[in-house]
There are 2 protein chains.
Amino acid sequence: MKLLKEKIQQEGIILSESVLKVDSFLNHQIDPDLTVAMGKDFYQHFSKGKKVTKVLTIESSGIAVGLTTALEFGVPLVFARKKKSLTMNNEVFVSKVYSFTKQETNEITVSKKFLSADDHVLIIDDFLANGEAALGLVSIVQQAGASLAGMGIVIEKAFQDGGQKLRNAGFHVYSLAQIIRLDHEKKKIEFREEA
Amino acid sequence: MKLLKEKIQQEGIILSESVLKVDSFLNHQIDPDLTVAMGKDFYQHFSKGKKVTKVLTIESSGIAVGLTTALEFGVPLVFARKKKSLTMNNEVFVSKVYSFTKQETNEITVSKKFLSADDHVLIIDDFLANGEAALGLVSIVQQAGASLAGMGIVIEKAFQDGGQKLRNAGFHVYSLAQIIRLDHEKKKIEFREEA
Ligand SMILES: Nc1nc2c(ncn2[C@@H]2O[C@H](COP(=O)(O)OP(=O)(O)O)[C@@H](OP(=O)(O)OP(=O)(O)O)[C@H]2O)c(=O)[nH]1
Ligand SMILES: Nc1nc2c(ncn2[C@@H]2O[C@H](COP(=O)(O)OP(=O)(O)O)[C@@H](OP(=O)(O)OP(=O)(O)O)[C@H]2O)c(=O)[nH]1
């Protein structure tokens, strides 16, 4: 997505060879118009197949783009919780997600009330790195007996193995921007060029 | 807001005399069209004064309605973090927020890059109960030297003292629904009637 790549080039900060900071429009401050454009892009891509009935994401940075995507499809958004919320009941799907950074395993949950075998789910998230969170969401879709339309990712770090893991497992992954390399020394972000 | 009150009556679950569960459209599953309507309502209410330059909320449940509100105003959304995120820097405004439920004090943060003295900020959140989180956000606006347009709240529990605290402090608080009472026995939600 051209507009997104321009925004990344203008405002993205390379923190290291493996971490890109995009707090100014995606992870802390959010650009609403860009977020709407991303939702429309995901809709264009995923509306051609079987009818999507739910958009599934995970708190917090997935919510904004998950919402604008759900808006285009005219379906509800569900966001997985990383920690127990005040009113979360015990009837939940649970998935374990390993964090390489924190070196710990955490649970993510989705209430059974909001995903059923009748659903055709589109997973949306902001970053795809090692794919653990994405696989956790896939597991929840599978536990619900729902079918998976695919995964829409805003920024895929193609130098990490999440994309490969997911595609090798047969899932359809569509990223608005794929980063091949973060050159920390030259402060240069290299994208995979659009076909 | 009539549409919201109807939704609360249809789908809200009274968990106790003080807690209402609205997971099906506000806190876990999100109704995108309703969320857009809420954003338009907040815009109608707060667009009459000095020009709002930023919408400020707090992760996670404030993000969706914060986004649709920011969309109407054509300004960025900023969401305060409750815990350190991967790329959060040390140049942050910090505020302590006490949780009566957890009986602990936590810190919420907003990067100094995203709030300045030139901003006129509209705070948006899903629930107003004891007002601690709202006061935390107000403190951050004040630390930035920004002015406060007011606070837009989806559901105010008027039987708790958050609304009174904020209004007594001189802040303009506008709630889309004010709940006077949660009758756990009769399973009845009592709203303050619209003027
Ligand atoms: N800005 C930025 N973030 C990255 C990058 N790579 C991964 N992340 C995000 O950092 C967080 C790291 O998550 P961990 O669970 O600790 O996973 P990991 O160490 O195994 O990668 C995740 O945020 P999250 O769970 O989505 O948090 P939230 O923002 O939704 O609260 C992930 O999306 C990157 O290059 N830049
Ligand atoms: N559903 C529901 N939630 C309520 C009600 N009253 C308060 N809350 C929410 O519960 C959470 C309680 O926060 P605490 O910080 O523990 O505060 P408290 O015990 O002093 O009220 C907050 O969610 P949060 O921080 O906004 O969490 P998140 O949903 O954004 O992750 C608050 O908005 C209620 O009657 N119903």
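A note on names: the letters A, B, ... follow the listed sequences, proteins ahead of strands, and every chain is numbered from 1.
In summary, the side chains of B/Q29 and A/K54 do present a donor paired with an acceptor at a separation below 3.5 Å, with no hydrogens or angles considered.
Taking B/V19, B/D33, B/I63, B/V75 one by one and counting their heavy-atom pairs under 4.5 Å with chain A, the maximum is reached by B/I63. Ranked by heavy-atom pairs under 4.5 Å with chain B, the list A/P76, A/G66, A/G74 is led by A/P76. The greatest number of non-hydrogen atom pairs below 4.5 Å with chain A, out of B/V78, B/L77, B/D31, is found for B/L77. The choice from B/T35, B/L67, B/V55, B/V22 that makes the most heavy-atom pairs within less than 4.5 Å of chain A is B/L67.
Closest heavy-atom contact between A/N27 and B/F79: O-CZ, 3.1 Å.
For residues 95-108 of chain B, heavy-atom neighbours of chain A at less than 4.5 Å comprise B/T101, sorted by residue number.
Applying the 6.0 Å contact sphere to NZ of B/K51 captures no more than 12 heavy atoms from other residues, nucleotides or ligands. Heavy atoms of other residues, nucleotides or ligands lying less than 6.0 angstrom from CD of B/E17 number more than 12. Atom CD of B/E6 is surrounded by more than 12 heavy atoms from other residues, nucleotides or ligands within 6.0 Å. For NZ of A/K165, the number of neighbouring non-hydrogen atoms (other residues, nucleotides, ligands) closer than 6.0 Å is greater than 12. Other residues, nucleotides and ligands place no more than 12 heavy atoms under 6.0 Å from the CD atom of A/Q164. By the 6.0 Å contact criterion, NZ on B/K2 is open, its count of non-hydrogen atoms from other residues, nucleotides or ligands being 12 or less.
A/V94 and A/V138 fall into different hydrophobic clusters, where Ile, Leu, Val, Met, Phe, Trp and Tyr side chains are chained together by heavy-atom contacts under 4.5 Å. Side-chain heavy atoms closer than 4.5 Å link hydrophobic residues (I, L, V, M, F, W, Y) into clusters, and following such links, possibly through other members, connects A/M1 to A/F73. Hydrophobic cluster membership is shared by A/F191 and A/L20, with clusters built from Ile, Leu, Val, Met, Phe, Trp and Tyr side chains linked at under 4.5 angstrom. Transitive grouping of hydrophobic side chains (ILVMFWY, heavy atoms separated by less than 4.5 Å) keeps A/I179 and A/I153 in distinct clusters.
Looking at B/L15, only its side chain comes within 4.5 Å of chain A, counting heavy atoms on both sides. Contacts between A/I13 and chain B at a heavy-atom distance below 4.5 Å involve the side chain alone, from C-beta outward. Using a 4.5 Å cut-off between heavy atoms, B/L34 makes no contact with chain A at all.
Within the hydrophobic cluster formed by Ile, Leu, Val, Met, Phe, Trp and Tyr side chains joined at under 4.5 Å, directly or through other members, A/V36 is accompanied by B/L71.
Separation of atoms NZ (B/K113) and CD (A/E11) is listed at 8.5 Å; rounding is to 0.5 Å.
Counting only heavy atoms from C-beta outward, the side chains of B/H28 and A/R81 approach each other to under 4.5 Å.
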